[in-house]
Peer 1: 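Below is the structure I would like to discuss, written out as structure tokens.
Sequence lines set the chain letters: A, B, ... in the order given, protein chains first and strands last, and positions in each chain run from 1. Hydrogens, waters and symmetry mates are skipped; everything else that's a heavy atom, side chains included, is used. Owing to the predicted nature of the structure, the values given are computational and were not obtained by experimental measurement.
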Amino acid sequence: MGKPLTSTQTREILPLDRAFFVRDPRRVARELLGKVLVRQELVQQDKDRQAGGACRIARIVEVEAYRGEKDPAAHAAAGRTARNAVLFGPPGHAYVYFIYGNHYCLNVSCEPEGQAGCVLFRALEPLAGMEEMARARGIAVHSPADWPKLTSGPGRLAQAFGITRARDNGRDLTSPESGLWIGDDGFRRRSIRVTPRIGISKAQDKALRYILAGNPFVSGPKKSN
DNA sequence: ATATCGATTATCT
DNA sequence: GATAATCGATATG
């Protein structure tokens, strides 16, 4: 691709703390742009936690905010159920749901416990572990031009990171110990764009989709980027 | 480039 | 029984 991508340099990644997620999901969504999602299994070795297995890292470039019971398009709109219970629990945890009989989608819970706001991950820019992502996706990747097929779209990124409801629903995304977490690698984003959400049938007028302007990994029709 | 459609199942009415 | 925060394939301009 001829376009400038966000940095792929390897630097220390610091996990986000719980307080980051104790805010309105619109604010959390905006702040999550430019952060990274990490899948890194940790194994017990002697008395230390060691990194084990392939490490997958990707930058968050597109998210949507869902506003709990105030939001007709949110899964929590009708109150707490068995499916959405995580949304009403503590902030910073993974809410994973299964959709269209085919795909998983990843969200992170926001706001204080008892309030059900969340942020949906819609697209990522792969930074490391692309071979592992391709294997998880079941596709061949021949060049960087194929990378968007790994993580552009909520179903795709979940599959690339091996995320399922059975495995990851309720996982604490603030701790590297959990093997799936969100961190800050020092990247400083430039402009952000806000648009209506994609793929919903209710509350379509509200602008609650946040993207890194011009990033080639953002999903959906080009005009919405 | 845009449009339409089928797949496939957990969840809720 | 209907629906759904999607994807990939196919058709058409």
Peer 1: Can A/Tyr100 be called stacked on C/dA4 when the rule is centres closer than 5.5 Å and an angle between planes below 30°?
Peer 2: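 A/Tyr100 vs C/dA4: stacking no.
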
Peer 1: Tell me the interatomic distance from A/His103, atom NE2, to C/dT6, atom P, rounded to whole angstroms.
Peer 2: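 Rounding to the nearest Å, NE2 of A/His103 and P of C/dT6 are 9 Å apart.
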
Peer 1: Short question: side chain of A/Asn84, backbone of A/Gly79 - any donor-acceptor pair under 3.5 Å?
Peer 2: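 Such a contact is found between A/Asn84 side chain and A/Gly79 backbone.
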
Peer 1: Take atom CZ of A/Phe98 and atom P of C/dT3, then tell me their distance rounded to the nearest Å.
Peer 2: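 Roughly 19 Å, once rounded to whole Å.
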
Peer 1: A/Arg137 has a side chain; which of C/dG8, B/dT9, C/dA5 sits nearest to it?
Peer 2: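 That would be C/dG8.
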
Peer 1: Working to the nearest 0.5 angstrom, can you tell me the gap between A/Glu31 CD and A/Phe21 CZ?
Peer 2: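 Separation between the atoms: 11.0 Å.
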
Peer 1: Can you check whether any acceptor in the base of B/dA10 is under 3.5 Å from a donor in the side chain of A/Tyr97, or vice versa?
Peer 2: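 No.
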
Peer 1: Please compare A/Gly101 and A/Arg165 by the position of their nearest nucleotide in DNA chain B and report the one closer to 5'.
Peer 2: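 Counting from the 5' end, the first nearest nucleotide belongs to A/Gly101.
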
Peer 1: Does a donor on one side chain and an acceptor on the other come within less than 3.5 Å for A/Arg18 and A/Thr174?
Peer 2: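 Distance-only check passes for A/Arg18 and A/Thr174.
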
Peer 1: Count the heavy atoms of every other residue, nucleotide or ligand shown that sit under 6.0 Å from CD of A/Glu131, and state whether that count exceeds 12.
Peer 2: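 12 or below, so no.
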
Peer 1: Can you identify which nucleotide, out of C/dA4, B/dC12, B/dA10, has its nearest atom closest to the A/Arg83 side chain?
Peer 2: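 The answer is B/dC12.
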
Peer 1: In whole Å, I'd like the distance from the NZ atom of A/Lys202 to the P atom of B/dC12.
Peer 2: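 Checked: the NZ to P distance equals 12 Å.
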
Peer 1: Between C/dA4 atom P and A/Asn102 atom CG, what is the distance in whole Å?
Peer 2: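 Distance check: A/Asn102 CG to C/dA4 P gives 16 Å.
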
Peer 1: Over how many whole Å does the gap from A/Ile99 atom CD1 to B/dG6 atom C1' extend?
Peer 2: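 Distance, rounded to whole Å: 16 Å.
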
Peer 1: To the nearest Å, how far apart are A/Asp71 CG and C/dA5 P?
Peer 2: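 Answer to the nearest Å: 11 Å.
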
Peer 1: Given atom CG of A/Leu120 and atom P of C/dA4, what is their separation to the nearest angstrom?
Peer 2: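 Those two atoms, CG and P, are 16 Å apart.
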
Peer 1: Which nucleotide in the list C/dC7, B/dT8, B/dA10 gets nearest to the side chain of A/Arg156?
Peer 2: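 Shortest atom-to-atom distance from the side chain points to C/dC7.
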
Peer 1: Would you mind telling me which of B/dT9, C/dA5, C/dG8 lies closest to the side-chain atoms of A/Tyr95?
Peer 2: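 Side chain of A/Tyr95 sits closest to C/dA5.
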
Peer 1: Could you state the atom-to-atom distance from CG of A/Leu157 to P of C/dA5 in whole Å?
Peer 2: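 Taking CG of A/Leu157 and P of C/dA5, I get 16 Å after rounding.
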
